[in-house]
Amino acid sequence: MALEARPLLWLALWTLAVPARSFGKDADGGWRRPGPGAPAAVTEEEHCTVERRADLSYADYAFSRPVILQGLTDNSRFRDLCTRQRLLASFGDSVVRLSTANTYSYQKVDLPFEKYVEQMLHPQDPISMGNDTLYFFGDNNFTEWASLFRHYSPPPFSLLGTTPAYSFGIAGAGSGVPFHWHGPGFSEVIYGRKRWFLYPPEKTPEFHPNKTTLAWLRDTYPALTPSARPLECTIQAGEVLYFPDRWWHATLNLDTSVFISTFLGTEVVAAASAQPTSAPLSGPGGG
């Protein structure tokens, strides 16, 4: 993987006065449905190893390690619009594009949003392979969904020379995306919880690109030595994870989850993603 020059992180001295928000166990937006729950293996980590911060005060922090940011913005209006009832009322007839939940996400399937929510949004089958699992994230029609996205307030930080782009998703408990990497960005959980596993660029994780994160957690994770384990943490509703450039990461939704990522793309990364490669330069991207 060729290493391009890292853009400088442009962060003003920032002290956040907005306290971290807690939405309560029942504030699920209608996404938690009666019936079988998530697979038994889907739990939070024993110890979170990603630092949580309510402020950033020095320019290069986020380039060295991921960080969980709290109280960044007030997205309560966006959250209200992302309940199950409201999204189905607004976008039920809209056609959405699903990706397979494997590292490369080659296969795409188009179907109405209501059909995805009512018929396919269920807990992950622990024995299914990634290419048999369809996942709504990333391939959004920005024109059709503009009425929703305009209410989202992204994190108040940027990278020089980058352009932000949103990717919105909804996925069932136990679903997720196996290890991949791409450019830097932020990922915010709106409803539910999302567990993240992260490795620095120089430390390629042990994984199969067509096995789900749930299978990796069951089969590979327990045998890892402490030094071989990733940074990991569960992102709660209202929290934002910053993932640095080219960091390997895999995700696992612990509940039916609604989430949005802000990717900070550059022309260099975009050009690299278009070239044939054996490395996962692009894909579901932090889903």
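By the 4.5 Å heavy-atom criterion applied to side chains, Leu134 and Thr100 are counted as neighbours. Contact of the Pro156 side chain with the Thr73 side chain is registered, since non-hydrogen atoms from C-beta on lie closer than 4.5 Å. When side chains are defined from C-beta on, Leu224 counts as touching Pro230, because their heavy atoms get closer than 4.5 Å. Proximity of Cys82 to Leu148: side-chain heavy atoms (C-beta onward) are separated by under 4.5 Å at one or more points. Contact annotation: the side chain of Pro244 never approaches that of Arg65 to less than 4.5 Å [non-hydrogen atoms, C-beta and beyond]. No side-chain heavy atom of Thr204 sits under 4.5 Å from any side-chain heavy atom of Tyr199. Using a 4.5 Å cut-off on side-chain heavy atoms (C-beta onward), Glu239 and Glu188 make no contact. Residues Arg229 and Glu45 have side chains not in contact (no heavy-atom distance under 4.5 Å, counting atoms from C-beta outward).
Ionic pairing of Glu44 and Arg193 is present here: one or more N-O contacts between side-chain nitrogen and carboxylate oxygen are shorter than 4.0 angstrom. Using a 4.0 Å cut-off between charged side-chain N and carboxylate O, Arg84 and Glu118 make a salt bridge.
Contact between Pro222 and Leu217 at its shortest, heavy atoms only, is CD-O, 3.2 Å. Nearest heavy atoms, Ser187 versus Ser261: OG-OG, 3.3 Å. Nearest heavy-atom pair across Thr213 and Ala250 is OG1-CB, 4.0 Å. In this structure, His151 and Phe78 approach most closely via the heavy-atom pair O-CB, 3.7 Å. The nearest pair of heavy atoms linking Leu231 to Pro66 is CD1-CD, 3.9 Å. The shortest non-hydrogen separation linking Ile235 to Val240 is CG2-N, 4.4 Å.
Screening Trp247, Phe207, Trp248 for a ring-ring contact (aromatic ring centres under 6.0 Å, His included) with Phe179, the sole residue that qualifies is Phe207. A ring-ring contact (aromatic ring centres under 6.0 Å, His included) with Phe243 holds for exactly one of Trp196, Trp181, Phe186; it is Trp196.
Distance alone, capped at 3.5 Å, is enough to place a donor-acceptor pair between the Tyr191 side chain and the Arg79 backbone. In this structure a side-chain-to-backbone donor-acceptor pair under 3.5 Å is present from Asn75 to Ser153. Put simply, the side chain of Tyr242 never gets that close to the backbone of Pro184: no donor and acceptor are under 3.5 Å apart. The backbone N or O of Glu232 lies less than 3.5 Å from no partner atom in the side chain of Arg195, so there is not a single donor-acceptor pair. With hydrogens and angles disregarded, a donor-acceptor distance shorter than 3.5 Å links the side chain of Asp28 to the backbone of Gly30. A side-chain donor-acceptor contact under 3.5 Å links Thr251 to the backbone of Val177.
Around atom CD of Glu46, no more than 12 heavy atoms belonging to other residues, nucleotides or ligands sit under 6.0 Å away. Residue-environment remark: CG (Asp110) exceeds the threshold of 12 foreign heavy atoms within 6.0 Å. Environment of CZ in Arg52: crowded, with over 12 heavy atoms of neighbouring residues, nucleotides or ligands closer than 6.0 Å. Within a 6.0 Å radius of NZ in Lys115, other residues, nucleotides and ligands contribute 12 heavy atoms or fewer.
The structure places OG of Ser227 at 6.0 Å from NZ of Lys203, a figure rounded to the nearest 0.5 Å. In this structure, the separation between CG on Leu252 and NZ on Lys194 is 8.5 Å, given to the nearest 0.5 Å. Of the inter-residue distances, the one linking Gln70 atom CD with Arg53 atom CZ reads 11.0 Å to the nearest 0.5 angstrom. The distance from atom CG of Leu111 to atom OG of Ser94, rounded to the nearest 0.5 Å, is 11.5 Å. With rounding to the nearest 0.5 angstrom, the CZ atom of Phe149 is 12.0 Å from the CG atom of Leu81. A distance of 5.0 Å separates CD1 in Ile170 from CG in Leu87, rounded to the nearest 0.5 Å.
Using the six-membered ring where Trp is involved, Trp145 and Phe91 have ring planes that are parallel, under 30° apart on the 30 and 60° scheme. The aromatic rings of Phe137 and Phe259 sit tilted relative to each other, their planes meeting at an angle between 30° and 60°.
Val109 and Val96 fall within the same hydrophobic cluster, defined by Ile, Leu, Val, Met, Phe, Trp and Tyr side-chain heavy atoms under 4.5 Å apart, directly or through other members.
Inspection of the Glu206 and Thr220 side chains reveals no N or O donor paired with an N or O acceptor under 3.5 Å.
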List the steps and the verdict of side-chain contact (heavy atoms from CB on, under 4.5 Å) for Trp31 and Leu121.
CA-CA 9 Å; Trp31 292 106; Leu121 195 60; 3.7 Å; yes
